[in-house]
Amino acid sequence: MAEAQWYVAHTYSGYEKKVKANIDKTVANRHLEDQIVEVRVPMHDVWETKDSKVGAKRELKSKKMFPGYVLINMIMNDETWYIVRNTRGVTGFVGPGSKPVPLSDAEMRTLGIKSEAKIEVDFEEGDVVTVIAGAWKDTIGTIQAMNVGKQTVTINVELFGRDTPVEISFAEVQKYK
């Protein structure tokens, strides 16, 4: 199977978060998590100074790095191209004509997005695992689903007397001994 790569979709200005939400919803509805791995609206923090009658006031605001653009980590094929291209608010992909061009690893590193090494695991759905890091450390749960593209597992943990699904990175779990 082909490797997922990062592509850039052009959107109407101000529609970036709506486009992300719509693509995420479509991916979940059509069960395409293994083909469209991640959708991002890159943000960065900026200090803004506002003058008022009392004096200058500084605020830390989160702003879009690239207004009008959304980054999508996906395996490019006819189905994924069609889904993204026909999402409300998307005007097209970045690239010559209608041919999307993936971003290189060097371009992704300058954006602060690293291509992480794939983690090999010795567990599968139905196995009992222990969480070894993060907020759920020392929690034991049963794997309900695995997303190899995102390198995550969904486990059920007991919360307030109920089984609650929690998504955790492969790196944060190990097989229960």
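Keep in mind that what you see is a predicted model, and the values were worked out from it rather than measured.
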Practice task
Might you work through the side-chain contact (heavy atoms from CB on, under 4.5 Å) test for I140 and V128, ending with a clear yes or no?
Solution key: CA-CA 7 Å; I140 297 171; V128 177; 3.5 Å; yes
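- A salt bridge links R40 and E38; the closest N-O separation between the charged side-chain nitrogens and carboxylate oxygens is under 4.0 Å.
- Scanning both residues, A9 and I72, for their nearest heavy atoms gives CB-CD1, 3.9 Å.
- For the atom pair OG1 (T154) and CD1 (I143), the distance works out to 9.5 Å, reported to the nearest 0.5 Å.
- Side-chain contact between P100 and M76: present, with at least one pair of heavy atoms (C-beta onward) separated by less than 4.5 Å.
- Atom OH of Y15 has 12 or fewer neighbouring heavy atoms from other residues, nucleotides or ligands inside a 6.0 Å radius.
- For E124, there are no salt bridge (Lys or Arg N to Asp or Glu O under 4.0 Å) partners two or more places apart in sequence or in a different chain.
- When the shell of 6.0 Å around CG of N86 is examined, it contains more than 12 heavy atoms from other residues, nucleotides or ligands.
- Nearest heavy-atom pair, M74 versus T80, reported as atom, atom and distance to 0.1 Å: CE-OG1, 3.5 Å.
- Considering every non-hydrogen atom in both N147 and E33, the closest pair reads ND2-CB, 3.5 Å.
- Note that CE of M146 and CG of D34 are 13.0 Å apart. Values are rounded to the nearest 0.5 Å.
- In this structure, the side chains of V173 and V153 come closer than 4.5 Å at one or more pairs of heavy atoms.
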Exercise for the section: Could you please spell out the steps behind the side-chain contact (heavy atoms from CB on, under 4.5 Å) verdict for I36 and I23? Expected result: CA-CA 9 Å; I36 299 178; I23 292 172; 4.3 Å; yes
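- The main-chain N or O of T91 is found under 3.5 Å from a side-chain atom of R85 such that the two form a donor-acceptor pair.
- When the side chains of ILVMFWY residues are joined at heavy-atom separations under 4.5 Å, either directly or via intervening members, L32 and Y82 end up in a single hydrophobic cluster.
- Residues I83 and T87 come closest through the heavy atom pair O-OG1, 2.7 Å.
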Practice task
Could you walk me through whether D127 and T142 pass the side-chain contact (heavy atoms from CB on, under 4.5 Å) test, one step at a time?
Solution key: CA-CA 6 Å; D127 285 352; T142 304; over 6 Å; no
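- The minimum heavy-atom distance between I132 and K137, with the atom names listed, is O-CE, 3.7 Å.
- Aromatic rings of H10 and F93 (six-membered ring for Trp) have centroids beyond the 6.0 Å cut-off, not under it.
- Taking CD1 from I155 and OG1 from T164, the interatomic distance works out to 10.5 Å, rounded to the nearest 0.5 Å.
- Counting heavy atoms from C-beta outward, M43 and K63 have side chains that stay 4.5 Å or more apart.
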Problem - Verdict with supporting geometry, E79 and Q35, side-chain contact (heavy atoms from CB on, under 4.5 Å) - result: CA-CA 9 Å; E79 184 179 17; Q35 293 182 49; 4.0 Å; yes
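- Ion pair E48/K57 not flagged as a salt bridge, since none of the NZ, NE, NH1 or NH2 atoms sits closer than 4.0 Å to an Asp/Glu carboxylate oxygen.
- A donor-acceptor contact closer than 3.5 angstrom is absent between the side chains of N29 and T26.
- With respect to D45 and K61, no salt bridge is recorded, no charged nitrogen being found less than 4.0 Å from a carboxylate O.
- Between F66 and Y69, the distance from one ring center to the other does not fall under 6.0 angstrom.
- L103 is listed as a side-chain neighbour of V8, based on a closest heavy-atom distance under 4.5 Å.
- Summarising the geometry of V101 relative to P96, their closest heavy-atom pair is CG2-CD, 3.4 Å, with the distance given to 0.1 Å.
- Side-chain contacts under 4.5 Å among hydrophobic residues (ILVMFWY), followed directly or transitively, place L60 together with W47.
- Distance check: Y7 OH to N73 CG gives 9.5 Å after rounding to the nearest 0.5 Å.
- Note: Q174 CD to T130 OG1 = 6.0 Å, rounded to the nearest 0.5 Å.
- Here the OG1-CD distance, from T152 to E167, works out to 3.5 Å after rounding to the nearest 0.5 Å.
- The backbone N or O of G14 sits less than 3.5 Å from a side-chain atom of E16, completing a donor-acceptor pair.
- Checked options V84, T11, V90; the residue passing with V70 is T11 (criterion: side-chain contact (heavy atoms from CB on, under 4.5 Å)).
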